[in-house]
Amino acid sequence: MIDYENTVSRVARDIKPSGIRKFFDIAATMDDVISLSIGEPDFDTPWHIREAGIISLEQGKTHYTSNAGLLELREAISEYLSRRFKLTYAAEEIVVTVGGSEGIDAAIRTLVEPGDEVLIPEPAFVCYDPLTRLAGGVPKPIVTRAEDEFRLTAEALKEAITPKTKLLVLPYPNNPTGAVMRREDLEAIADVLRDTNIYVLSDEIYAELTYGKVRHISFASIKGMAERTILVSGFSKSFAMTGWRLGYIAAPAPLTKIMLKVHQYGIMSSPSTSQYAAVEAMVNGDGDIAAMRTEYNDRRKFLLKGLRELGFPTFEPLGAFYIFPSVSHLGMSSEEFCKKLIQEQRLAVVPGNAFGESGEGHVRISYAYSKAHLKEALRRLEIFVKDHKR
Amino acid sequence: MDKQKLLNLLEANAKMTLEELSEALGDSTENIAAQIDAFENEKVILGYNAMIDWEKTKRATVTAMIELKVVPTRGQGFDALAERLVNYPEVKSLYLMSGGYDIWVLIEGKTLREVAMFVAKKVAPMDGVKSTGTHFVLTKYKDKGVIFCDRKGDTRRLFSYD
């Protein structure tokens with residue numbers, strides 16, 4: 001009998017399984033639960049994009065594409081990044097990946113050597129830490145705080161940098177907090193990094209979903225930063241294409257060349273149907289983005305108002321489709337709150353500590369749901385608050 | 001206030017409350033109410049309908065589309081006939097068309113026979129009507145931008161934290 005525990009990779013074995021999974025499993029056995037936990041758009045992929053995928057299938061375009069992705073798509077991405085974010089990337093500097101996630105993995109594996117430290121502002125999306133460990137790196141969380149609107153500050157960054165720091169992850173607009181970085185915040189980060197060899201993995205998957213007066217600013221567009229930045233983005237959130245599994249990384253050519261090798265041997269090439277659909281999204285999708293953003297914004301305002309009226313201290317999120325209220329005034333931990341909420345009111349939200357310890361005291365609520373769904377959720381939340389008022 | 005946007009919002013969902021419209025348009029509920037009144041007075045907004053799938057109710061409904069070929073009246077063209085036809089409650093929609101026929105009438109009744117008799121007794125004998133062509137609707141898939149056929153619900157996973 002093989003002793004699996006002690007013969008598999010220790011790094012892989014020791015990746016923390018999610019404690020949350022357990023209580024979602026309990027919730028799944030209840031039949032009247034409604035959820036505000038999902039991190040993917042409720043919209044279906046716009047029809048013209050789906051149709052482009054269908055037509056490619058009808059035409060038998062079902063073969064591997066070049067490793068880096070269809071040239072046509074990479075050119076379309078290059079044009080899109082310049083049109084929407086004033087970024088300059090040649091088609092050769094772009095690799096089409098299997099979702100943003102694979103892009104993050106390829107970037108980390110390209111840069112990180114055993115012992116290298118990777119700085120991760122938290123709360124943050126759950127994949128940076130385990131992917132860093134798998135690459136032999138050491139994840140170093142940087143706590144961001146509600147009073148800074150969950151932005152990464154230059155001071156916190158400076159404090160976290162050591163001679164071993166290889167990479168800074170910059171996950172903005174942020175999941176789970178909805179925080180965005182303003183130009184002056186990015187400039188301050190850039191000033192800290194300018195004379196170092198530290199790279200930046202700028203995860204801008206939510207770049208199209210911002211709601212403030214100023215649109216998203218890419219870190220790569222800050223003076224002098226493009227040379228050290230690997231930009232990760234994708235189609236999932238902005239075009240409601242989660243199931244197509246398609247994203248991309250853009251970086252200076254010497255980096256792209258190496259990332260392409262990691263991608264080539266891990267993946268070969270990204271799904272061809274998805275790539276043909278994505279060309280349509282890049283070329284004719286601006287209107288879809290605008291329509292979905294308007295809808296998300298409407299829900300965002302509705303939910304923010306509703307949560308504040310119920311007494312939840314909630315900072316105004318200006319990006320992504322999450323809101324991150326504090327629940328500690330009810331005298332419960334994040335997990336306690338979520339567990340009770342699901343048991344008593346059949347409403348599922350995600351405890352903030354799922355996104356790093358600094359998320360404790362908060363919960364993540366997704367507004368990728370219809371207004372009617374959100375109204376019902378607020379109704380349940382109101383009863384819950386009444387029952388637990390201290 | 002973006003008046004066009006107000007109309008777009010109401011066309012998509014006439015049930016939006018003044019508070020919701022105020023949020024969406026960034027203007028006061030008073031101003032929005034006044035603008036809606038103005039639209040109603042100017043007959044820009046003519047009514048507010050619910051989209052109902054009668055197939056899912058006990059009410060039996062038969063819908064037919066009638067193509068009319070018409071001899072226009074001197075001086076009035078097609079208007080004289082059209083303005084007579086609009087008076088019938090059975091007539092739900094009425095359009096003057098380009099192409100192979102002149103007037104297109106959408107008629108609703110309780111039974112096939114009722115609709116057929118309406119066409120035979122009321123429409124066909126009217127002065128100026130040269131011919132009628134009646135097409136019964138079998139299934140309504142989409143009407144006024146609203147999809148009627150059953151689609152899948154939310155197929156996303158119930159829970160996730162990614």
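Keep in mind it's a predicted model, so treat the numbers as computed, not measured. Every chain is numbered from 1, with letters handed out A, B, ... down the list of sequences.
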* Quick check: are there more than 12 heavy atoms from other residues, nucleotides or ligands sitting under 6.0 Å from OH of B:Y141? -> no

* Within a reach of under 6.0 Å around CD of A:E357, are more than 12 heavy atoms found that belong to other residues, nucleotides or ligands? -> no

* Within 6.0 angstrom of B:E55 CD, more than 12 heavy atoms from elsewhere -> no

* Salt bridge A:E40-B:R157, side-chain N to carboxylate O under 4.0 Å -> yes

* Structure fact -> Value for CZ (B:R156) from OG (A:S37), rounded to nearest 0.5 Å, stands at 9.0 Å

* Structure fact -> The reported gap from CD in B:E23 to CG in A:N297 (rounded to nearest 0.5 angstrom) is 9.0 Å

* To do: State whether A:K375 and B:E20 are salt-bridged, where the test is any N-O pair (Lys NZ or Arg NE/NH1/NH2 against Asp/Glu carboxylate O) under 4.0 Å.
  => yes

* Asked: Got more than 12 heavy atoms from elsewhere within 6.0 Å of CG, B:N13?
  -> yes

* Crowding at CZ, B:R113 (>12 non-hydrogen neighbours, <6.0 Å) -> no

* Asked: At what distance, to the nearest 0.5 angstrom, does CG of B:D154 lie from CD1 of A:I34?
  -> 11.5 Å

